[in-house]
Amino acid sequence: MTITDEDCLAETRAFTEQFEAAAANRPARGQAPSAATLALLRRNRLGGDTPPVRLPHAQSRVVEGGVKLRTFVPDRVDGVYLHIHGGGWAFGSADGQDERLWRLAVQARLAVVSVEYRLAPEHPFPAGPDDCEAAARWLVEHAATEFGTERLLIGGESAGAHLSVVTLLRLRDRHGITGAFRAAHLLFGLYDLSMTPSQRSFGPRQLLINTDSLRGIYELFTPGMDVEQRRDPELSPLFANLAGLPPARIVVGTEDPLLDDSLFLAGRWQAAGAPVQLGVVAGEMHGFTLFPLTVTEREQQRERDFLATA
């Protein structure tokens, strides 16, 4: 395991300390977020306390199966990136990162298609995965006519990384589709909903997520399930057969309770036969790319480079 960006540790640690100190002013995240907390989190951008910026040249549309998509199409398109947003399967939105996704589209020469999947607790498992599967199948069938290319990529952040892997597995297992997506970009994902050691041992630190908040979002997404049920490979891809999946880039920070999830998944992904780039970022907490840090700029450039050349 190679740890990157140690030269940014002073900035990283200062920001983390500031973030923890401001915990009293943020919505409380206990075993499960309240209705009021969910409403606030859904109204504001991920990791922030203001609404997201929505760009007029991003287009929203509905495709087969009633799935809503938000598309970003630059002048030059060399591929299509199916983006799945994070937010613990309970908040976040396809129009919550317009600025970042438009910049990615232009600089990586990609049509970016973000999925507005249904959210828990109103729509628990399997609603969100169903929508992502439907969006992926639509792209497999229509990308050439809609965007002029069959070069498909997939990825997301946190719960979106989880849903990206689940989608690839569903395409393979339910529809016999392998190879359609050329690469996966997976940022600080959750891959074991029964909780890896790093999830269980992280404790109550008031960062973007902690042990209690993870338990809470698992209950929202998979209500009433016990630990053993959450180990089902359809829920926890760390327990799945990963054969036939595309090359991947897997990224996590050393101060993320999901550290083990990425380390374990990278090992199993590579053992199943696909190349893996593993990025472990020094000192960074969960969701670090949401914040204005030097490391964020570097990581977004790495993401663009990977997706542009995959």
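By convention here, the first residue in the shown sequence is residue 1.
In this structure, a donor-acceptor pair under 3.5 Å is absent between the side chains of Ser114 and Arg70. Remark: the Glu255 side chain and the His286 side chain contain no N/O donor-acceptor pair separated by less than 3.5 Å. Neither side chain, Gln199 nor Asp192, offers a donor N or O lying under 3.5 Å from an acceptor on the other. Defined by atom type and a distance below 3.5 Å, a donor-acceptor pair is present between the side-chain atoms of Ser194 and Arg231.
In terms of modelled atom types and a separation under 3.5 Å, the side chain of Glu17 and the main chain of Ala14 share no donor-acceptor contact. Put simply, the side chain of Arg268 gets close to the backbone of Leu238: a donor and an acceptor are under 3.5 Å apart. Between the side chain of Arg205 and the main chain of Thr211, no donor-acceptor pair closer than 3.5 Å is present. In this structure a side-chain-to-backbone donor-acceptor pair under 3.5 Å is missing from Tyr191 to Thr196.
Salt bridge Arg302/Asp305: absent, no basic N to carboxylate O contact under 4.0 Å. Salt bridge status for Arg13 with Glu284: absent, with no side-chain N to carboxylate O gap under 4.0 Å. In summary, Glu133 and Arg174 engage in a salt bridge, as defined by a charged side-chain N under 4.0 Å from a carboxylate O. Residues Arg230 and Asp232 are not paired through a salt bridge, judged by the lack of any N-O separation under 4.0 Å between the basic side chain and the carboxylate. Taking a cutoff of 4.0 Å between a charged side-chain nitrogen and a carboxylate oxygen, Glu122 and Arg42 qualify as a salt bridge.
Put simply, the side chain of Ser60 does not reach to within 4.5 Å of the side chain of Lys68, judged on heavy atoms. Annotation: side chain of Asp78 is not in contact with side chain of Leu110 (no heavy-atom distance under 4.5 Å). No side-chain heavy atom of Asp261 sits less than 4.5 Å from a side-chain heavy atom of Val252. You'll find the side chain of Val113 stays beyond 4.5 Å of the side chain of Phe72, heavy atoms only. With contacts defined as side-chain heavy-atom distances shorter than 4.5 Å, the pair Phe91/Leu38 qualifies.
Note that CG of Leu259 is 7.0 Å distant from OG1 of Thr254, once rounded to the nearest 0.5 Å. The line from OG1 of Thr71 to CG of Leu101 is 11.0 Å long, rounded to the nearest 0.5 Å. Here OG1 of Thr167 is found 7.0 Å from CG of Leu82. Values are rounded to the nearest 0.5 Å.
Leu214 approaches Met195 most closely through the heavy-atom pair CB-CE, 4.1 Å.
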Determine whether Thr50 and Asn44 satisfy the following criterion, side-chain hydrogen bond (donor to acceptor under 3.5 Å, both in side chains), listing intermediate values before the conclusion. CA-CA 5 Å; Thr50 58; Asn44 291 335; 5.9 Å; no
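For residues 235-279, no pair satisfies ring pair (Phe, Tyr, Trp, His ring centres under 6.0 Å), with sequence neighbours left out.
The distance between the ring centers of His185 and Tyr81 does not fall below 6.0 angstrom.
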